[in-house]
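Right, one structure below, let's go through it.
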Amino acid sequence: MQEPQYDAIVVGSGISGGWAAKELTEKGLKVLMLERGRNVEHIKDYVNATKPPWAYPHRGGRTKEMESHYPVLKRDYPLNEKNLDFWVKDEESPYTETKRFDWYRGYQVGGRSLMWGRQSYRHSPQDFEANAKEGIAVDWPIRYDELAPWYDHVEKFAGISGSLEGLAQLPDGKFQPPMPLNCGEELVAGKLHKQFGGTRRIIPGRTANLTENLQARVKCQSRNACWLGCPYGAYFSTQSSTLPAAVATGNLTLMPYQIVSEIIFDKDRKRASGVRVVDAVTEKTIEYSAKVIFVCASTLNSAWLLMNSATDIWPGGLGSSSGELGHNLMDHHFRLGASGDIDGMEDKYNYGRRPTGFYIPRYRNVGKDKRDYLRGFGYQGGASREEWGRAVAELGIGAAFKDNAAMPGGWTIGASAFGEMLPNHANKVTLDPTKKDKWGLPVLNIDCATGENEARMRKDMTADMAEMLTAAGVKNVRTFDSGYFPGMGIHEMGTARMGRDPKTSVLNSHNQVWDAPNVFVTDGAAMTSASCVNPSLTYMALTARAAEFAVNELKKRNL
C-alpha cells in the first residue's frame, strides 16, 4: 500500500521528535509524524494527574504481577502503578544483554517527555572541545558558539527556570526566574561558598518547569506530580509545548501505532525516499514517502532503525560505512553521594513541593584542578524535613507515636553525583540474530559497561560530597553507593555519533547521515560525548538547528 508523499517524515514524538515537527511545520513543510505507541492527548489522557494516593489499589506501589510483565523496569524506581501506562511492557518489546543495561522506554505520543526529570543544562565550550584535546574518540564537528543561539531559541520556547551564575563550565541561558533554594539549602549554600571560595557552589536546579505563564501554559503549581502528566502544562513536554505549535500550522499529520521498521534508500539517487512501517494494531506494512526524514526515535531505537535499513547496500545498515553505527554507547553514572543532618532549624519548614532541588556544577578538571581521571561530575540534591515515615522505624504505638508522626522531623540534606561516561567503541548495540519482538521484528542486543576512568571518578563523587557537607557544618554525614549499571541514568547517548570525517562518524556537523544526506538524526544517538549534565536541552538545540539547515537545503534542491 503506497501513501501520499510528504515533505518530511519525523520518526518519534518525544523531546527531539516534537521539536523537529514544530520547526519543520512552522517553516512550511508538510510533515508526517510517526509514533510507534498510542496517542496521549494533553490533559484528557493524564488519568492519574489529580488522583490522591489512597485512590490507588496498592497506594502507588508495585505488585508481583507487574514485576512479571516488566522484568527490566522492576530493577529500579520507574515500576509503579501510578504511571505504568507510560512505560513499555518489556515482554512485548524485549532486548538482550551481553552485559547488563537497564533500558527504560516510553512508547506513546510524547515519549519520555511525559515523565523526564526536566533538569536542563547547556553543554559548555569545554565539553565540545574535550575529545579533541584529550585524544578521546573523535572531535565534535561543532563548538559551543555554533549551538549557543539554538540553546537560546529552545530555552525561551520550552521555558527553563534557572539562575545566572557566570560559570564557564555551566553556561547561563535564557531563563525564567529560578525556583529558589529552601532555607536549609540556603544555609548550607552560604557556608559552602565561604569554605571553597565559590569554586563549589549550590545553585537552584535548572528545570523545564515554568515559574511564569508562557503561551497557553500555566506556571508550576508545586504539586510534585510531573511524572503523571501536568494538566497545567507547567513542564515542557511534546504535548504541552511543541505539538500544539506544530498542529497550529495546519501542516502536521500525526499517526500513532506506526512502527517504522526501515528507511527506504534509493541507491541511484543516494537518498532516502521514505520509510516502511508496520501498523502496531493490524500488523500491515505501509510505505510513506518524503523528501527529508528526521530520525528521533530515541538513541537505541534510532540506531536500530538505521541498522535495519539499506542492508542490501551496507550489511551493517544505513550509516554503517564508518564502522561506528551502534558503537560508543554512553549514559551518566550515578547513584552515589552523601547526606547528613542540619541542626538548629527546628523552627523553620520548607514550603510547597518544588519539582527541582539544588545543583552543584562540575568543578573537577576545571581550570587548574587536575585529577587522575578525565572529565568530571555534578551533583543533584535537596534539603527537607523528615516526614511521618521516620516514626515507623521506631515501631511505636499509641498516642505518643501518633503525636510524633504528626510533627515534622529534623532537617536533612543530601545529593547524588552524576558523572560523565567516556565514549568507547566497545560499548555497542547490535541486532540480535535469534530473538524477535511481538511484531516479528529483530531486537537489540546491548553490550555496554563502565571503565576504569569512571571507577576512579566514583571515588571522588562520594568523598567530595561528604567533604562539602562536613565543611558546611552538616552533622552525621554518611556516604552511600547504591551501585550502578549503564542505562540507569535513562540518558542513553551515542550509537550514531556526529563527527568531521565520514570514515569515523555516522553524522556530519548538521546531523545528516553521511551516506544519506536527506536523513537527519537529532536525538541522543548523535552525541559525540556525554558531558556530565542532563542532555535533553542539547537534543532540542541540535534538532532546531538541523531543521533550519534541512529546510534551507531543500530550497536549494540539495536534498
Side-chain angles (χ1 to χ4, degrees), residues 13-14 35-41 44-117 223-231 237 239 256-259 278-283 297-298 300-301 304 331 335 387-389 392-393 432 434-446 482-490 492:
S13 61
E35 167 56 50
R36 66 177 294 153
R38 67 189 177 103
N39 191 23
V40 174
E41 291 188 32
K44 181 178 80 71
D45 289 333
Y46 304 152
V47 294
N48 291 335
T50 58
K51 186 181 291 186
W54 56 86
Y56 295 94
H58 306 96
R59 300 299 186 263
R62 60 176 67 179
T63 65
K64 292 297 182 183
E65 182 181 6
M66 288 162 58
E67 290 182 350
S68 70
H69 294 303
Y70 299 83
V72 175
L73 202 63
K74 75 176 184 181
R75 296 173 181 175
D76 208 348
Y77 73 91
L79 182 59
N80 69 89
E81 66 179 333
K82 289 188 175 182
N83 71 344
L84 191 60
D85 289 344
F86 286 166
W87 297 101
V88 168
K89 187 172 287 188
D90 299 322
E91 62 185 0
E92 293 184 353
S93 300
Y95 64 100
T96 59
E97 301 162 277
T98 297
K99 299 185 183 75
R100 176 174 165 176
F101 189 97
D102 294 3
W103 188 15
Y104 304 142
R105 296 157 287 170
Y107 292 166
Q108 65 266 322
V109 172
R112 289 180 302 195
S113 79
L114 287 172
M115 62 277 204
W116 67 307
R223 299 169 59 242
N224 191 26
C226 306
W227 48 297
L228 305 177
C230 182
S237 68
Q239 274 84 344
Y257 294 115
Q258 303 295 297
I259 304 172
V278 176
D279 188 291
V281 178
T282 67
E283 299 190 14
S298 82
L300 301 185
N301 281 317
W304 175 89
D331 185 31
R335 289 168 54 93
E387 297 181 346
W388 65 268
V392 175
D432 190 301
T434 60
K435 194 173 183 66
K436 307 289 184 183
D437 66 10
K438 176 183 175 182
W439 297 274
L441 298 169
V443 306
L444 282 178
N445 173 267
I446 307 179
S482 303
Y484 166 81
F485 288 94
M488 283 183 159
I490 322 183
E492 58 267 22

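Quantities reported herein were computed from a predicted structural model and do not represent experimental measurements.
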If I compare all heavy atoms of [X] with all of [Y], which pair ends up nearest, and what's the gap?
{"X": "Arg100", "Y": "Pro486", "value": "O-CD, 4.0 Å"}
{"X": "Glu41", "Y": "Asn39", "value": "CG-ND2, 3.6 Å"}
{"X": "Gly37", "Y": "Pro256", "value": "O-CB, 3.2 Å"}
{"X": "Ala280", "Y": "Ile259", "value": "CB-CD1, 3.9 Å"}
{"X": "Cys230", "Y": "Tyr46", "value": "O-CE1, 3.4 Å"}
{"X": "Asp432", "Y": "Pro442", "value": "O-CB, 4.4 Å"}

Any donor-acceptor N or O pair under 3.5 Å, side chains Asp331, Tyr484: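 Yes, Tyr484 and Asp331 have a side-chain donor paired with an acceptor closer than 3.5 Å.
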
Gln258 side chain to Asp279 side chain, donor-acceptor N/O pair below 3.5 angstrom: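 Yes.
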
With a 4.5 Å limit on heavy-atom distance, are the side chains of [X] and [Y] in contact?
{"X": "Pro78", "Y": "Asp76", "result": "yes"}
{"X": "Met488", "Y": "Ser482", "result": "no"}
{"X": "Asp45", "Y": "Gln108", "result": "no"}

Distance, nearest 0.5 Å, that separates [atom1] of [X] from [atom2] of [Y]:
{"X": "Leu444", "Y": "Asp437", "atom1": "CG", "atom2": "CG", "answer": "10.0 Å"}
{"X": "Thr434", "Y": "Asn445", "atom1": "OG1", "atom2": "CG", "answer": "8.5 Å"}
{"X": "Leu79", "Y": "Met66", "atom1": "CG", "atom2": "CE", "answer": "4.0 Å"}
{"X": "Leu73", "Y": "Glu67", "atom1": "CG", "atom2": "CD", "answer": "10.0 Å"}
{"X": "Arg105", "Y": "Arg112", "atom1": "CZ", "atom2": "CZ", "answer": "9.5 Å"}
{"X": "Thr96", "Y": "Ile446", "atom1": "OG1", "atom2": "CD1", "answer": "8.0 Å"}

Side-chain donor or acceptor of Gln239 paired with backbone N/O of Val109 under 3.5 Å: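 Present.
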
N/O donor-acceptor pair under 3.5 Å between Trp116 side chain and Ser113 backbone: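 Side chain of Trp116 to backbone of Ser113: a pair is present.
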
Atom NZ of Lys435 with >12 non-hydrogen neighbours under 6.0 angstrom: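 No, NZ of Lys435 has 12 or fewer neighbouring heavy atoms, counting only those of other groups under 6.0 Å.
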
Charged tip of Arg36 within 45° of Tyr107 ring normal and under 6.0 Å: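 Yes, Arg36 and Tyr107 form such a contact.
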
Test log, rule salt bridge (charged side-chain N to carboxylate O under 4.0 Å, His left out), inputs Arg75 and Asp90: CA-CA 12 Å; Arg75 296 173 181 175; Asp90 299 322; over 6 Å; no

Side chain to side chain contact (heavy atoms under 4.5 Å, CB included) between Glu81 and Asn48, intermediate numbers included: CA-CA 10 Å; Glu81 66 179 333; Asn48 291 335; over 6 Å; no

Phe101 vs Glu492, side chain to side chain contact (heavy atoms under 4.5 Å, CB included): CA-CA, chis, key distance, verdict: CA-CA 10 Å; Phe101 189 97; Glu492 58 267 22; 4.2 Å; yes

With sequence neighbours excluded, residues passing ring-ring contact (aromatic ring centres under 6.0 Å, His included) with Trp103: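 Trp103: ring-ring contact (aromatic ring centres under 6.0 Å, His included) contacts with Tyr95.
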
For His69, the option from Lys89, Glu91, Glu92 that meets side chain to side chain donor-acceptor pair (under 3.5 Å):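 Among the candidates, only Glu91 passes.
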
